[in-house]
Amino acid sequence: MTVINDSNRARFDREVAKYPADQKQSAVMACLAIVQQEQGFVNQDAEEAIAAYLGMPTIAVHEVTTFYNMYNQAPVGRYKLNVCTNLPCQLRDGAKALHHLEKKLGIRMGETTADGLFTLQQSECLGACADSPVMLVNDRTMCSFMSNDKLDQLVDGLKKAG
C-alpha cells in the first residue's frame, strides 16, 4: 500500500487547512489517525511519509506515535484492550484486571491472541480514576469498574461478536 494515496492525501489536505500555513505540523495527530484508520497501524514508512508531507523531522512524528496509546506501531487484534495501570487504578485493582485478562486470553501484555481477535495493552491514565479499574476497547469505548466477572462477560461477548 502506498502510505499517502490520493484519498488520504485529500484528507491530509483538509486537516492541514485547519491551521495557519506555517503551522501545518499541527495536523500530525490527524494525519497519523488517517493512516491508522486505513492500514490499522502506523509503521516507520508512514511516519516518514507524514513527516515529509508536513515538513517536519521524522523523529518528531515518531515521538507523537509512541507517546499516545491510540497509535498502533504494528498490527493489532480486532479488539484492542487497553487496561489502565496508572497508580490510582493500581490501588483499585488495575493490575489484577490486567493479569486476569492475561490468564483468560492466554497472552501477556503487549501480545495478540493466535486467532487475531484480541491485543492486550496497558495504558497510562484514562482519566476515570474514580471508576477504576478501567479499560478502553479499540480506543473508543471506556469500560469502568471492571471486576473479573465484568471482564469475563466483556471478552466472552466480544468473542461471540467477533
Side-chain angles (χ1 to χ4, degrees), residues 1-90 92 94-95 97-98 101 105 107-113 115-146 154 158 161-162:
M1 179 198 97
T2 305
V3 174
I4 301 179
N5 59 33
D6 291 340
S7 173
N8 54 22
R9 182 177 301 279
R11 293 176 69 194
F12 283 14
D13 290 343
R14 283 192 296 277
E15 294 300 325
V16 167
K18 296 176 182 178
Y19 301 97
D22 64 335
Q23 295 176 22
K24 68 182 193 176
Q25 71 276 6
S26 298
V28 66
M29 291 183 71
C31 292
L32 287 166
I34 290 165
V35 167
Q36 178 157 301
Q37 183 180 32
E38 184 166 311
Q39 69 182 30
F41 62 99
V42 178
N43 60 13
Q44 184 177 351
D45 291 341
E47 289 177 347
E48 290 170 0
I50 291 168
Y53 177 84
L54 296 175
M56 59 193 293
T58 302
I59 188 64
V61 175
H62 184 68
E63 288 169 343
V64 175
T65 306
T66 57
F67 182 79
Y68 294 100
N69 282 349
M70 64 221 177
Y71 302 119
N72 307 318
Q73 297 170 52
V76 296
R78 180 169 183 180
Y79 300 108
K80 182 171 78 167
L81 308 177
N82 279 352
V83 180
C84 183
T85 57
N86 207 345
L87 184 57
C89 279
Q90 289 282 17
R92 295 186 59 185
L98 178 64
L101 286 171
L105 298 172
I107 58 173
R108 308 251 327 129
M109 183 212 36
E111 296 178 343
T112 300
T113 56
D115 61 5
L117 207 52
F118 296 97
T119 296
L120 183 59
Q121 297 178 335
Q122 71 178 15
S123 64
E124 286 301 319
C125 187
L126 294 173
C129 303
D131 297 347
S132 61
V134 295
M135 63 185 294
L136 196 59
V137 178
N138 288 346
D139 301 317
R140 300 209 187 284
T141 304
M142 178 75 77
C143 301
S144 301
F145 305 108
M146 296 307 290
L154 174 73
L158 292 173

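We number each residue from 1, following the sequence as shown.
- Nearest heavy atoms, Glu48 versus Thr58: CG-CG2, 3.7 Å.
- One finds the CD atom of Glu15 at 11.5 Å from the CG atom of Leu32 (value rounded to the nearest 0.5 Å).
- Put simply, the side chain of Glu111 gets close to the backbone of Arg108: a donor and an acceptor are under 3.5 Å apart.
- The shortest non-hydrogen separation linking Ala95 to Gln90 is CB-OE1, 2.8 Å.
- Not one N or O on the side chain of Asn86 forms a donor-acceptor pair closer than 3.5 Å with the backbone of Cys89.
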Original post:
Could you walk me through whether Thr85 and Met109 pass the side-chain contact (heavy atoms from CB on, under 4.5 Å) check?
Top reply: CA-CA 11 Å; Thr85 57; Met109 183 212 36; over 6 Å; no

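- Residues Glu47 and Glu63 have side chains not in contact (no heavy-atom distance under 4.5 Å, counting atoms from C-beta outward).
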Original post:
So Tyr53 and Val16, side-chain contact (heavy atoms from CB on, under 4.5 Å) or not? Walk me through it.
Top reply: CA-CA 10 Å; Tyr53 177 84; Val16 167; 3.7 Å; yes

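- Taking CD from Glu38 and CD1 from Ile4, the interatomic distance works out to 10.5 Å, rounded to the nearest 0.5 Å.
- Pairing each heavy atom of Cys125 with each of Cys129, the nearest pair is SG-SG, 4.2 Å.
- Residue Ala27 comes nearest to Leu54 through the heavy atom pair C-CD1, 4.3 Å, listed as atom of the first residue, atom of the second, then distance.
- Rounding to the nearest 0.5 Å gives a distance of 11.0 Å between OH of Tyr79 and OG1 of Thr113.
- The neighbour count for Asp115 CG, taken as heavy atoms of other residues, nucleotides or ligands under 6.0 Å away, is above 12.
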**OP:** Could you go through the side-chain contact (heavy atoms from CB on, under 4.5 Å) check for Ile34 and Arg14 one step at a time?
**Re:** CA-CA 11 Å; Ile34 290 165; Arg14 283 192 296 277; over 6 Å; no

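- With Lys80 as the fixed residue, the side-chain hydrogen bond (donor to acceptor under 3.5 Å, both in side chains) test singles out one of Thr119, Asn138, Asn72, Asn69: Asn72.
- You'll find the side chain of Val83 stays beyond 4.5 Å of the side chain of Pro133, heavy atoms only.
- Proximity of Tyr19 to Gln25: side-chain heavy atoms (C-beta onward) are nowhere separated by under 4.5 Å.
- Here the side chains of Asp131 and Met142 are not in contact, with every heavy-atom distance at 4.5 Å or above.
- Put simply, SG on Cys84 and CG on Leu126 are 4.5 Å apart, with the number rounded to the nearest 0.5 Å.
- Here the CD atom belonging to Gln121 is positioned 10.5 Å from the CG atom belonging to Leu98, to the nearest 0.5 angstrom.
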**OP:** Quick one: do Phe145 and Arg92 satisfy side-chain contact (heavy atoms from CB on, under 4.5 Å)? Show the steps, please.
**Re:** CA-CA 9 Å; Phe145 305 108; Arg92 295 186 59 185; 4.2 Å; yes

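- Contact annotation: the side chain of Tyr71 approaches that of Val64 to within less than 4.5 Å [non-hydrogen atoms, C-beta and beyond].
- Taking both residues in full, the closest heavy atoms of Phe41 and Ala74 are given as CB-O, 3.4 Å, listed atom of the first, atom of the second, then distance.
- Taking the side chain as every heavy atom from C-beta outward, Met146 and Leu81 never approach each other to under 4.5 Å.
- When side chains are defined from C-beta on, Phe118 does not count as touching Leu120, because their heavy atoms never get closer than 4.5 Å.
- Here the side chains of Ile107 and Thr112 are not in contact, with every heavy-atom distance at 4.5 Å or above.
- Heavy atoms of other residues, nucleotides or ligands lying less than 6.0 angstrom from CD of Gln23 number more than 12.
- Between the NZ atom of Lys24 and the CE atom of Met56 there is a distance of 11.0 Å, given to the nearest 0.5 Å.
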